[in-house]
Amino acid sequence: DSDWELIPVDDRKRPIDPATGQLKTNWSATTYTADDITTLANTSPHIKAIGVVLGPPSGGLLAVDFDGPGAVPTFASIYNRAATELPTTVGWCSGLPKRGQLAFRVPMEYWPLLRGRRRWQIDGKTVLELRWSGHQSVIAGAHPDTAGYTWLPNRSPQHTAVADAP
């Protein structure tokens, strides 16, 4: 999407300063367009992956993070619907089994009702997460445990649009 705000990250999913590779604490203060981040990624040896800034900076982008084997049943128990009933939207994954994120656009009138993050755990491990303002999600590049991020089949921004959140 053209209104996504992007940030450079290291190979451990942490926002960095592209000039130095140092971790960036106020990372949301400096964001980049797709063209700008592409140029930076091609010139900076420090950038290992790209993150999308969630919430209002990216037009109300919300990420639903299915993070492991318990994610789908947890989603169903919370929302009384199967995850497969969600609208077709942009999605990506790290290559780890039973993991992936889906992007949804939240209409502006609902923004005040959302908080930065909501997560559900099983045995102390997060399995489902709604990610919003103050957070980012890595969408491309290196992952610490896999060959890297990829778009879910037919879910890249070239193939589908970001759906409105149901």
Side-chain angles (χ1 to χ4, degrees), residues 1 3-16 23-25 27-28 31 48-166:
D1 268 36
D3 63 350
W4 286 9
E5 294 293 327
L6 305 169
I7 57 167
V9 297
D10 67 8
D11 56 358
R12 293 179 56 202
K13 306 189 269 187
R14 302 176 303 181
I16 59 164
L23 297 183
K24 198 157 183 169
T25 53
W27 53 266
S28 62
T31 61
K48 304 300 181 194
I50 307 299
V52 61
V53 178
L54 301 169
S58 290
L61 193 68
L62 171 82
V64 180
D65 186 3
F66 293 88
D67 205 9
V72 171
T74 299
F75 182 91
S77 71
I78 292 165
Y79 296 106
N80 293 321
R81 66 166 60 180
T84 55
E85 294 178 49
L86 289 169
T88 299
T89 190
V90 172
W92 58 91
C93 67
S94 65
L96 291 170
K98 300 190 185 245
R99 290 188 162 99
Q101 293 189 50
L102 299 176
F104 292 98
R105 180 110 27 229
V106 176
M108 191 180 293
E109 62 264 25
Y110 296 110
W111 294 2
L113 303 174
L114 298 175
R115 62 186 197 192
R117 179 176 79 155
R118 176 73 166 105
R119 65 186 177 144
W120 292 267
Q121 297 181 329
I122 295 175
D123 297 328
K125 292 188 175 205
T126 299
V127 295
L128 181 66
E129 189 174 16
L130 300 181
R131 302 172 63 93
W132 178 248
S133 186
H135 295 275
Q136 59 92 11
S137 287
V138 179
I139 58 171
H143 183 277
D145 301 318
T146 70
Y149 288 88
T150 60
W151 299 111
L152 292 170
N154 299 314
R155 299 276 187 130
S156 78
Q158 292 176 320
H159 292 103
T160 191
V162 175
D164 285 340

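Not measured: the values here are computed from a predicted model. As a basis for the values below, the full set of heavy atoms in this structure was taken, side chains included, without hydrogen atoms, waters or symmetry mates.
- In this structure, Ile139 and Tyr149 have side chains that are not in contact, with every pair of non-hydrogen atoms separated by 4.5 Å or more.
- Separation of atoms CG (Leu96) and CG (Asp145) is listed at 6.0 Å; rounding is to 0.5 Å.
- Judged purely by atom type and a 3.5 angstrom limit, Thr31 has no side-chain atom pairing as donor or acceptor with the backbone of Ser28.
- Residue pairs satisfying the salt bridge (charged side-chain N to carboxylate O under 4.0 Å, His left out) criterion with at least one member in residues 112-125, sequence neighbours excluded, are listed as follows: Arg117-Glu129.
- Side-chain N or O atoms of Thr89 include one that pairs as donor or acceptor with a backbone N or O of Ala163 at under 3.5 Å.
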Practice task
Output, in order, the C-alpha distance, side-chain angles, deciding distance and verdict of side chain to side chain contact (heavy atoms under 4.5 Å, CB included) for Leu23 and Asp10.
Solution key: CA-CA 8 Å; Leu23 297 183; Asp10 67 8; 3.7 Å; yes

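- In terms of heavy-atom proximity, His143 sits nearest to Ser94 at CD2-CB, 3.3 Å.
- The CH2 atom of Trp111 sits 5.5 Å away from atom CH2 of Trp132, with the distance rounded to the nearest 0.5 Å.
- In this structure the side chain of Arg14 never reaches within 4.5 angstrom of the side chain of Lys24, judged on heavy atoms.
- Between Thr160 atom OG1 and Asn154 atom CG the span is 8.5 Å, to the nearest 0.5 Å.
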Exercise for the section: Kindly indicate, with the supporting measurements, whether the criterion side chain to side chain contact (heavy atoms under 4.5 Å, CB included) is fulfilled by Trp4 and Val90. Expected result: CA-CA 12 Å; Trp4 286 9; Val90 172; 4.0 Å; yes

Handout entry: Val9/Trp27 under side chain to side chain contact (heavy atoms under 4.5 Å, CB included): CA gap, chis, key distance, verdict
Key = CA-CA 10 Å; Val9 297; Trp27 53 266; over 6 Å; no

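- For the side-chain contact (heavy atoms from CB on, under 4.5 Å) criterion with Val162, the lone passing option out of Leu62, Leu61, Leu102 is Leu61.
- Thr126 places no side-chain N or O within 3.5 Å of a backbone atom of Leu128 that could act as its donor or acceptor partner.
- Across all their heavy atoms, Arg99 and Gly68 have their closest contact at CG-N, 3.5 Å.
- Across every non-hydrogen atom of Ala71 and Val127, the tightest pair is CB-O, 2.9 Å.
- Between Arg131 and Asp67 there is no salt bridge, since no side-chain N of the basic residue sits under 4.0 Å from a carboxylate O of the acidic one.
- Taking the six-membered ring for Trp and thresholds of 30 and 60 degrees, Trp151 and Trp92 have ring planes more than 60 degrees apart, a perpendicular arrangement.
- Taking the side chain as every heavy atom from C-beta outward, Glu85 and Pro166 never approach each other to under 4.5 Å.
- Considering all non-hydrogen atoms of both residues, Pro57 and Leu54 come closest at CD-O, 3.6 Å.
- The local environment of CD in Glu109 is crowded, with over 12 non-hydrogen atoms from other residues, nucleotides or ligands closer than 6.0 Å.
- Contact detail for Gln136 and Gly51: the closest heavy-atom pair is OE1-CA, 3.5 Å.
- When atom types are taken as modelled, the side chain of Arg155 and the backbone of Thr88 share no donor-acceptor pair closer than 3.5 angstrom.
- The number of heavy atoms from other shown groups lying within 6.0 Å of OH (Tyr79) is above 12.
- With Gln101 contributing its side chain and Val138 its backbone, the two residues share no donor-acceptor pair below 3.5 Å.
- Taking CG of Leu114 as the reference point, atom OG of Ser133 lies at 9.5 Å (rounded to 0.5 Å).
- For the atom pair OG (Ser137) and CD1 (Ile7), the distance works out to 9.5 Å, reported to the nearest 0.5 Å.
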